[in-house]
Amino acid sequence: TRKKRLKPGFKLEQGRINVASPATFVKDKLNLLRAFEEALRTGYLLHPNLMRVIAGHLDLIDDDMRTNPEAISIFLDLMLKHGNPERALRRMNELGVLGAFIPEFEPIVAMMQFNVYHHYTVDEHIIQCISTLAQIERGELVEELPLVSGIMANGVNRKVIYVALLCHDIGKGRPEDHSIIGAQMARRIAPRLGLTAEESETVEWLVRYHLLMSDMAQKRDIGDPRTVRDFAKAVKTKRRLDLLTVLTVCDIRGVGPGTWNNWKAMLLRQLHRDTAEALEGGLETINRENREDEAKRLLRDAL
């Protein structure tokens with residue numbers, strides 16, 4: 001039951017994190033991010049006085065801070081290290097820190113989505129998606145989402161999938177296709193967050209094609225070998241297929257309660273399985289004759 005001790009410069013006030021001296025606190029602008037990490041690390045909430053100090057000094061978050069390796073490390077740790085990134089991201093968003101640290105994020109804050117599917121504003125939808133991914137990693141959705149829980153348990157590049165989720169709808173609200181403009185933004189954001197050239201390219205590809213899998217599964221006949229062949233040609237590798245599957249599931253679940261159902265789960269599972277077989281066995285394994293022979297063999301075995 002022992003609570004973790006706060007780092008120097010922070011103090012506990014009425015059960016919440018405050019700063020000993022606001023003047024000293026703002027002398028080091030990285031403290032604006034450290035406060036959120038401290039809250040996640042210890043489990044305490046931020047004191048309203050500390051929130052006011054942070055919100056009143058957003059001008060300290062400049063280009064120099066956005067490219068500071070330590071600031072980038074703290075930000076990535078908020079998403080990857082402590083197990084509940086949505087709590088920090090939501091508070092950072094409310095106080096304006098997220099939009100200041102990633103300027104491309106600022107235009108989508110509190111942006112409404114006028115369609116029949118989305119329950120949330122764009123920024124909240126992104127945070128809901130990251131929350132779903134964190135739940136999968138904590139093992140809370142193994143029964144509901146066995147496929148993506150297995151993919152995450154087997155190990156994927158966590159930095160890539162979290163940054164891709166953070167950027168996947170960042171291009172909304174512009175006249176261009178949000179997938180294309182979002183991919184262009186991700187090309188700038190990913191290297192700034194310390195990702196390698198290969199990781200940045202994967203993030204850009206995931207943002208560009210984040211709707212591809214759900215469109216293939218729900219709008220085309222996945223029993224048709226041509227659908228699987230087209231999808232396999234688009235994803236090219238099993239690694240990208242796994243990452244896109246995780247992103248697609250989180251995206252659908254992050255739209256709102258009730259949008260995920262067994263029908264969508266079955267379609268995505270089948271598309272993932274058939275595409276994985278096609279990528280590993282070659283595209284010729286998905287022609288109709290092979291499927292017919294396999295179906296007959298399974299029927300014979302069952303009989």
For the student: nearest non-hydrogen atoms of Ala217 and Leu268, plus distance: CB-CD2, 3.8 Å
Val97 versus Leu58, closest heavy-atom pair with distance: CG2-CD2, 3.8 Å
Arg66 and Asp63: CA distance, side-chain angles, deciding distance, salt bridge (charged side-chain N to carboxylate O under 4.0 Å, His left out) verdict: CA-CA 5 Å; Arg66 292 181 196 110; Asp63 287 338; 2.5 Å; yes
Test applied, side-chain hydrogen bond (donor to acceptor under 3.5 Å, both in side chains); reference residue, Lys29; option that passes from Asp59, Asp62, Asn68: Asp62
Residue pairs, two or more places apart or on separate chains, that pass side chain to side chain donor-acceptor pair (under 3.5 Å) and touch residues 93-106: Arg91-Glu94, Asn93-Asp123, Glu104-Arg192
Flag side-chain contact, heavy atom, 4.5 Å: Trp263 against Gln218: yes
Spacing of Glu144 atom CD and Ile136 atom CD1 [to the nearest 0.5 Å]: 10.0 Å
Spacing of Arg188 atom CZ and Cys167 atom SG [to the nearest 0.5 Å]: 10.5 Å
Any donor-acceptor pair under 3.5 Å from Thr259 side chain to Ile252 backbone: yes
From CG (Leu166) to CG (Leu133), nearest 0.5 Å: 11.5 Å
Basic-acidic side-chain contact under 4.0 Å: Asp215, Arg220: no
Derivation of the side chain to side chain contact (heavy atoms under 4.5 Å, CB included) call for Leu78 and Leu89: CA-CA 8 Å; Leu78 288 171; Leu89 289 174; 5.8 Å; no
Separation between OG1 of Thr275 and CE of Met216, rounded to the nearest 0.5 Å: 8.5 Å
Salt bridge (charged side-chain N to carboxylate O under 4.0 Å, His left out) between Glu124 and Arg90, worked out: CA-CA 8 Å; Glu124 179 60 21; Arg90 188 169 286 119; 2.8 Å; yes
Transitive ILVMFWY side-chain link Ile161 to Val142, under 4.5 Å: no
Lys219 side, atom NZ; Leu267 side, atom CG - distance, nearest 0.5 Å: 13.5 Å
N/O donor-acceptor pair under 3.5 Å between Thr202 side chain and Glu198 backbone: yes
Hphob cluster co-occupancy, Ile222 + Met266, side-chain heavy atoms under 4.5 angstrom: yes
Chi angles and distances behind the side chain to side chain contact (heavy atoms under 4.5 Å, CB included) call for Leu145, Trp260: CA-CA 10 Å; Leu145 306 172; Trp260 179 258; 3.5 Å; yes
Electrostatic pair Arg208:Glu204 at N-O distance under 4.0 angstrom: no
Heavy-atom check, side chain of Val203 versus side chain of Ser200, under 4.5 Å: no
Just list the side-chain donor-acceptor pairs under 3.5 Å for residues 34-43, sequence neighbours left out, or say none.
{"unit_1": "Arg34", "atom_1": "NH1", "unit_2": "Asp28", "atom_2": "OD2", "d": "2.8"}
{"unit_1": "Arg34", "atom_1": "NH1", "unit_2": "Asn31", "atom_2": "OD1", "d": "2.9"}
{"unit_1": "Arg34", "atom_1": "NH2", "unit_2": "Glu70", "atom_2": "OE2", "d": "2.7"}
{"unit_1": "Glu38", "atom_1": "OE1", "unit_2": "Arg41", "atom_2": "NE", "d": "3.3"}
{"unit_1": "Glu38", "atom_1": "OE2", "unit_2": "Lys7", "atom_2": "N", "d": "2.8"}
{"unit_1": "Glu38", "atom_1": "OE2", "unit_2": "Arg41", "atom_2": "NH2", "d": "2.7"}
{"unit_1": "Arg41", "atom_1": "NH2", "unit_2": "Arg5", "atom_2": "O", "d": "2.7"}
{"unit_1": "Thr42", "atom_1": "OG1", "unit_2": "Glu38", "atom_2": "O", "d": "2.8"}
{"unit_1": "Thr42", "atom_1": "OG1", "unit_2": "Tyr44", "atom_2": "N", "d": "3.3"}

Non-hydrogen atoms of Met65 and Ala71 that approach each other most closely: O-CB, 3.4 Å
Heavy-atom pair with the smallest gap, counting every atom of Ala186 and Val207: CB-CG2, 4.0 Å
Asp169 and Lys172: CA distance, side-chain angles, deciding distance, salt bridge (charged side-chain N to carboxylate O under 4.0 Å, His left out) verdict: CA-CA 6 Å; Asp169 271 352; Lys172 284 246 173 119; 3.5 Å; yes
Step-by-step side chain to side chain contact (heavy atoms under 4.5 Å, CB included) determination, Phe25 to Ile54: CA-CA 10 Å; Phe25 175 79; Ile54 292 170; 4.3 Å; yes
ILVMFWY network linking Leu45 to Leu12, side-chain heavy atoms under 4.5 angstrom: no
Residue pairs passing the side chain to side chain donor-acceptor pair (under 3.5 Å) test where at least one lies in residues 74-89, sequence neighbours excluded: none
Gap between atom CG of Asp301 and atom NZ of Lys296 - 0.5 Å precision: 14.5 Å
Donor-acceptor contact below 3.5 Å, side chain Asn157 vs main chain Val160: yes
Flag, side chain of Ser73 to backbone of Pro69, donor-acceptor distance under 3.5 Å: no
Backbone N/O of Gly150 and side chain of Asn154: donor-acceptor pair under 3.5 Å: yes
Lys11 with Glu13: basic N within carboxylate O range, under 4.0 Å: yes
Test side chain to side chain contact (heavy atoms under 4.5 Å, CB included) applied to Ile126 and Leu165, step by step: CA-CA 7 Å; Ile126 287 174; Leu165 268 178; 5.9 Å; no
Non-hydrogen side-chain atoms of Arg269 and Pro146 separated by less than 4.5 Å: yes
Glu199 side-chain N/O to Thr196 backbone N/O, donor-acceptor pair under 3.5 Å: yes
Under the side-chain contact (heavy atoms from CB on, under 4.5 Å) test, residues paired with Glu280 that sit two or more places apart: Lys238
Qualifying ring-ring contact (aromatic ring centres under 6.0 Å, His included) pairs with a residue from residues 152-175, counting only residues at least two apart or across chains: His125-His168, His168-His210
Hphob cluster co-occupancy, Met213 + Leu211, side-chain heavy atoms under 4.5 angstrom: no
Hphob cluster co-occupancy, Met112 + Phe105, side-chain heavy atoms under 4.5 angstrom: no
Salt-bridge present (Glu137, Arg158; N to O < 4.0 Å): yes
Beyond-backbone contact of His272 with Ile151, side-chain heavy atoms, under 4.5 angstrom: yes
Considering all heavy atoms, the nearest Val26-Leu60 contact: O-CD1, 3.6 Å
Any Tyr120 side-chain heavy atom under 4.5 Å of Ile127 side chain: no
Glu140: partners by side-chain contact (heavy atoms from CB on, under 4.5 Å), with sequence neighbours left out: Gln135, Arg138
Backbone of Cys250 reached by a side-chain donor or acceptor of Thr132 within 3.5 Å: no
Heavy-atom pair with the smallest gap, counting every atom of Cys129 and Gly254: SG-CA, 4.0 Å
Over 12 foreign heavy atoms within 6.0 Å of CG, Asn261: yes
